[in-house]
Protein chains: 2
Amino acid sequence: MRMPHPECTTCKSRGSSLFNFCSCAETEKINLSKTCNIYKKDQVVFHENVFPIGLFCINSGSIKLSKIFSTGKEQILRIARAGDFIGYRSLITNDPYSVTATALEDSTICLIPKGEFHELMQTNKNFYEALLATICKELESTETKVSEIAYKPVRGRIAEALLLLANIYKKEEYINLTREDLASFVGTVKETAIRVVSEFKDEKLISIDKRRIKIINSKGLLQISNLYD
Amino acid sequence: MRMPHPECTTCKSRGSSLFNFCSCAETEKINLSKTCNIYKKDQVVFHENVFPIGLFCINSGSIKLSKIFSTGKEQILRIARAGDFIGYRSLITNDPYSVTATALEDSTICLIPKGEFHELMQTNKNFYEALLATICKELESTETKVSEIAYKPVRGRIAEALLLLANIYKKEEYINLTREDLASFVGTVKETAIRVVSEFKDEKLISIDKRRIKIINSKGLLQISNLYD
DNA sequence: TTAAAAAGATGATCTAAATCATTTTTTTAT
DNA sequence: ATAAAAAAATGATTTAGATCATCTTTTTAA
């Protein structure tokens, strides 16, 4: 779905994005070449194994990045929000996407053409360095994820995930993720995630309104998360 | 342990390392500023949570990069060999090491001072770009590891790990890793790794001499590895 | 507004893999 | 060469969490 372009220069996500490292002139230039679309909830932004055509910059909403198996199982690796870039790795390595990006809610996403991205990489050192730092941070958190899935019990992983998600969704009052997505995020199944979330509710660590989760005792959750570190 | 410096310019690992992107003059300069040490088997090269003082370049041997838990459990994330750089991520982000590096066998490792590394990053675009590409690849393989630990049964993970290790150790005839390290690498326990390796021997997928593993049916292993993708 | 679909809850059962315990083989150090 | 230590092998037992099945609540769409 096409929509009137939000302006990059005045974009409310600019401060929290890598565009913060771009000059006004650069931002203006990007603004002219970009296109912008609304993705409905559950709509795929890009598919695993497909070659990229540009850089996606999330203007509003949230996007899950996941690997999907032939068995239908899904592993969510990361959840991106307003201001985040997605799909830049394939642009750098010239490889097809290694993950699938799907909208978790209705989201507005801008697409910056490949050439524009590469030009920015060539000409703006600050941008380049900030991007490199972002990738390094991502790698570190992914390495942490490996160890935790391997050694931390489900209860600890869900406690930790809820704290992380509360931070991602800090502007909203509730964590807006189905139990099934929560399960995919921590590497378990729906039923187990449902059970653990119910336990946390009984233990007064979280409250639930309809199906939405709100943390009411983050210290308690942190303790559960750290039990096995 | 100190030793006579191997020469960077004639280093047999140079072709397979990122120094391949450096000019002769640059390599000479690095050669003069570097120091070189032998690390005995099981010796720690650097520790988690410690700040880096330079860039490590493996001249010979093999190094495991792992996270170690307070419970004593270890998750091996990556195994680095001759020509590989280790510890560059902390140098880029100015953070302490997020993993511990330990010699799997007696290894020779050069240490390039921090300043030298940063200068190279500033002045040599090819080097910079190659490093960025390396990190991107690492991130992709770490993401794959997350999904596999979450969804692939131990048999499949060990089959896959053996194929990967055979490739890392392609110059040697045997895979030189204890069952315990193999277990840490795929996220399981020693006993389970031992049992699966024994099964593979019984199924004529591998042969074992003393405790060393040699692959004799890689197609079979690949099939087991792919059963659940 | 109502029917259908999706999400969540919950109980029962099963199983892969962890844990615990002991023995054998290989390696290392004296 | 021999003793001690480390690694591997193997059996018995336990368990966390997956799977299967059914029911309830909430959301979505006609």
Side-chain angles (χ1 to χ4, degrees), chain A residues 40-43 69 71-75 102 104-106 148-159 161-162 174-203 206-214 224 227-228, chain B residues 40-43 69 71-75 102 104-106 148-159 161-162 174-203 206-214 224 227-228:
Chain A
K40 303 292 287 179
K41 185 175 190 303
D42 293 327
Q43 199 180 334
F69 295 76
T71 55
K73 294 223 174 184
E74 177 187 28
Q75 174 65 46
T102 313
L104 284 169
E105 58 190 302
D106 294 1
E148 295 195 336
I149 290 186
Y151 294 119
K152 203 183 259 200
V154 172
R155 250 177 85 86
R157 303 210 302 274
I158 293 190
L162 290 178
Y174 292 100
I175 293 170
N176 188 19
L177 206 66
T178 65
R179 306 290 186 274
E180 188 153 22
D181 277 336
L182 179 61
S184 298
F185 190 51
V186 304
T188 183
V189 294
K190 187 180 55 179
E191 294 91 330
T192 300
I194 287 171
R195 273 183 251 264
V196 171
V197 167
S198 297
E199 280 170 34
F200 287 172
K201 191 189 67 181
D202 295 347
E203 296 163 29
I206 57 175
S207 67
I208 291 172
D209 174 64
K210 298 293 144 89
R211 45 198 44 166
R212 302 181 150 182
I213 298 167
K214 189 204 275 189
I224 291 171
L227 264 183
Y228 301 88
Chain B
K40 304 289 290 182
K41 185 176 190 300
D42 293 327
Q43 199 180 334
F69 295 77
T71 57
K73 295 222 171 181
E74 177 187 28
Q75 174 65 47
T102 314
L104 285 169
E105 59 191 301
D106 293 359
E148 294 193 337
I149 291 185
Y151 293 119
K152 205 184 255 198
V154 171
R155 250 177 85 88
R157 303 210 301 273
I158 292 191
L162 291 178
Y174 292 99
I175 293 170
N176 187 19
L177 206 65
T178 65
R179 306 290 186 274
E180 188 153 23
D181 277 336
L182 179 61
S184 298
F185 190 51
V186 305
T188 184
V189 294
K190 189 180 56 182
E191 295 93 328
T192 301
I194 288 170
R195 272 182 250 265
V196 171
V197 167
S198 296
E199 280 171 32
F200 286 172
K201 191 188 70 183
D202 294 346
E203 294 164 30
I206 58 175
S207 69
I208 292 172
D209 175 63
K210 300 292 146 92
R211 45 198 45 169
R212 302 183 147 179
I213 298 166
K214 188 203 275 189
I224 290 170
L227 264 184
Y228 302 88

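Any value given below was found using the heavy atoms of this structure, including those in side chains, with hydrogens, waters and symmetry copies removed. Being a predicted model, the structure only gives us computed values, none of them experimental. Letters A, B, ... mirror the listed sequences (proteins, then strands); counts begin at 1.
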Close side-chain approach of [X] and [Y], heavy atoms under 4.5 Å:
X	Y	result
Arg157(B)	Phe185(B)	no
Thr188(B)	Val196(B)	no
Gln75(A)	Ile149(A)	yes

How does protein reach along nucleotides 9-25 of chain D, written 5' to 3' as B (base within reach of a heavy atom under 4.0 Å), S (only sugar-phosphate), or - (no contact)? BBBB----SSBB-----
Determine whether Phe200(A) and Ile158(A) satisfy the following criterion, side-chain contact (heavy atoms from CB on, under 4.5 Å), listing intermediate values before the conclusion. CA-CA 10 Å; Phe200(A) 287 172; Ile158(A) 293 190; 3.9 Å; yes
Please check this pair: side chain of [X] against backbone of [Y], looking for a donor-acceptor N/O pair closer than 3.5 Å.
X	Y	value
Asp106(B)	Lys41(B)	yes
Arg211(B)	Arg179(B)	no
Tyr151(B)	Glu74(A)	yes

Start and end of chain B contact along DNA chain C [non-hydrogen atoms, under 4.0 Å]: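 First and last nucleotides in contact are dA17(C) to dT27(C).
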